[in-house]
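Everything below concerns the one structure shown next.
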Amino acid sequence: MTTNILALLPIMIPIFAGIIMLFMGKRPVMHRVVSGISGLLMILAAIWIVAHVFQNGTMVTYIGDWMAPFGINVVIDMASALLLLTTSIITFAVVVYSFQSIGIERERYYYYVMVMFMIAGVNGAFSTGDIFNMFVFFEVFLLASYVLITLGGTKIQLQEGFKYLLVNMISSNFFVLGVAYLYSVTGSLNMADIYLKLEDYDGSLVIMTIIAVVFMFVFATKAGVFPLFFWLPGSYYAPPMPVIALFGALLTKVGIYAIARTYSLFFIDNQAFTHQALLLLALLTIILGSVGAMAYTDMKKVIIYNILIAVGIILVGFSLMDEVGTIGAMYYLIHDMIIKAALFMLVGFIIYRTGKADSERLGGLIRKHPVTGWMFLVAGFALAGVPPLSGFYGKFFIVQSAFDNDHYIAGIIVLVSSLAVLVSVVRIFMNVFWREEMDFSTLKPIKSDKLLFSSIGLVIVSVTFGLAADFLYPFFEMAASSFHDPASYASYLTEVE
Amino acid sequence: MELITIIISGILIGSSVYLMLSKSLIRIIIGTALLSHGVHLMLLTMGELKRGNVPVLDPEVSNYTDPLPQAMILTAIVIAFALTAFILVLALRMYKEIGTDNVEEMKGVPHDD
Amino acid sequence: MKSTLKKAGYNKVQKQVHDVFLQFTAKVVFFIIILFAFKLFFAGHYTPGGGFVGGLLAAAAIILLLIAFDQKTVEKVIPIDFRLLIAVGLAFAAVLPTLSFFFGTPFFTHQHTYVNVPVFGEVALHSAVIFDIGVFLTVAGSALLMIKLIAEEDA
């Protein structure tokens, strides 16, 4: 009874909030209130879900009362629950951040409605247990993201938004194609059921490898993995800061989650090819992201290329597919979602305050904004993985797992990439906050309380997460188990029988 | 029968690739629509085509068509419809704002000054 | 610089012609299409049809009026804000599945019963029809909103 309601709350709360806001019409202040309240409610629901999953194991609800392999069901294991919690926290922070930064015109044109529908799609993609349903939720959040990226209609938003739309449309069509192939092989859409059917699969490996490559293409495009990242730096540059924070923190991570799910559940027969290819692509992504992050002085670009590095590191963990590697990947996934949103918000604050995105043209801001400066440094260290902070644990486990599996080059690349991250972030810090002072009279007078409130709040969440990492270890161990031991994910089907 | 539909979907996807590689916005949009049609046809084929049977599981019906691909296609068509609607409005906005529908002229990032 | 749209004469869209034949036929055909849309809508669930097709057809009927007459007339005849239509439709589609919580059943579980109506005989009464009304309204609303936006850009 509680599972039935609880499992759907993260999807239904934002949808209802969106509908209520649609009924209100163009009243920005009311929209703020509703979206803020629904953000808080989502956090509460997600905490409850995490506690429930921790006590009772994987949470399953059968939509429409159809039995498991036939109907659609919502399956929330620990990994999904943690991702739902992180998504809710980031949503709340971004909504509060938007109050003062997105601009009243965009707010009037249903900005918060679109944010809420996007969150509903993201939460749905995290919690569904059905591969076609996952496609539907992908489309839900992509449609909302198309609106968000073009909302406001400036020239750059339109031209970059069109490219973003086109790339994602093509990859979505391939998603349908991949689902079609998979359905013709297994005759099922339920992910756990597909796993059980493929476990004693004795057909041709070629077709499974082709399906693996199709899925790789689809999710790599959404996540921005090496050959298919080309749209990401351009498209993420265009929209206003809160939207970038949402996209950078959530959308690429949904792609990674989908890769991890499908590669742990479906493509287990030919790991020598599929997972090695994934590892190779992940490493190339790290290298390319490092080059990009060090090459630019534009703050937005540097952080955007840092997304690519993080994507690569998480995928290294998931491609190794042993216990330590997946625990590290889960740690790093959660850490990166929080810290990327925080960094984008801090950079956004600097850009709003100074009106310039190029860090070379700024300087000496530490005198005006000491708190922001030190918070930025802390966030940068966390991103690079300096020990007591949250990025360290993920990287530590991933590197350990890489060395355990004799992938020495992979481990070294992950370690060296931390240096690249550190250099790129500290250079922004030195340029913006240190050096000789810029002309302070050009600063824009903005109200900064809510901008700083949410960004510093997220940094504090990240630091707490780092300090409490030991205490949270059982949660992450449980979350990782459904990736390296997919039978535990599928157990809800076997236990019924 | 399957072979024919697979070839048709190949033709559809091939022509959509040709259209999407052109420079005009409208051609690209028609290309995406064609791509989704090709993919949906493929999806239908994957459920094994049987003519003259109903997609219903009933104790009295012994020979039935798989209803799941049809349900999936319906969903996918609805999504493709929404996307096409959105992209058409977007293309019109772009034509008004940028003043061209040639994608070659839509590049470059403005710098802050 | 020559764009296809310009080549196709997009800039030179003529003002709407006052076409008597089209207007008269549209008045008649409008009702036929609307009735057919409702027929398809009620045929849904057990036979081909349903909210999506019905909604599209209803939108098509109104778009026919838009083509035959101009936008002002249509707005006078059908004084509905399409955004509100979408909101109402979404509310229908989201509230009904949630109601099943109060019956202690999972999300989206539907109830059905058979009722004897004097003229029609035995009629199946489904809770899913309320969800379908929501789909109908949302689809019709969004199709019309899109056409309206394009038409407004034009003017």
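Per chain, numbering begins at 1; letters A, B, ... match sequence-line order. No hydrogens, no waters, no symmetry mates; every other heavy atom, side chains included, goes into these values.
For A:L8, the part sitting under 4.5 Å from any heavy atom of chain C is the side chain, from C-beta outward, and nothing else.
When the heavy atoms of residues 113-127 of chain A are compared with those of chain C, the residues falling under 4.5 Å are A:F117, listed by number. Scanning residues 132-149 of chain A against chain C with a 4.5 Å non-hydrogen threshold yields no residues. Contact annotation for residues 84-97 of chain C against chain A (heavy-atom separation below 4.5 Å, listed by residue number): C:L84, C:A87, C:V88, C:L90, C:A91, C:A94, C:V95.
No more than 12 heavy atoms of other residues, nucleotides or ligands lie within 6.0 Å of NZ in C:K39, so this atom counts as exposed by the packing criterion. Heavy-atom contacts from other residues, nucleotides or ligands closer than 6.0 Å to CZ of C:F30 number more than 12. Applying the 6.0 Å contact sphere to CZ of A:F23 captures more than 12 heavy atoms from other residues, nucleotides or ligands.
Sorted by first and then second residue, the pairs that involve residues 32-43 of chain A and meet side-chain hydrogen bond (donor to acceptor under 3.5 Å, both in side chains), not counting sequence neighbours, are A:R32-A:E107.
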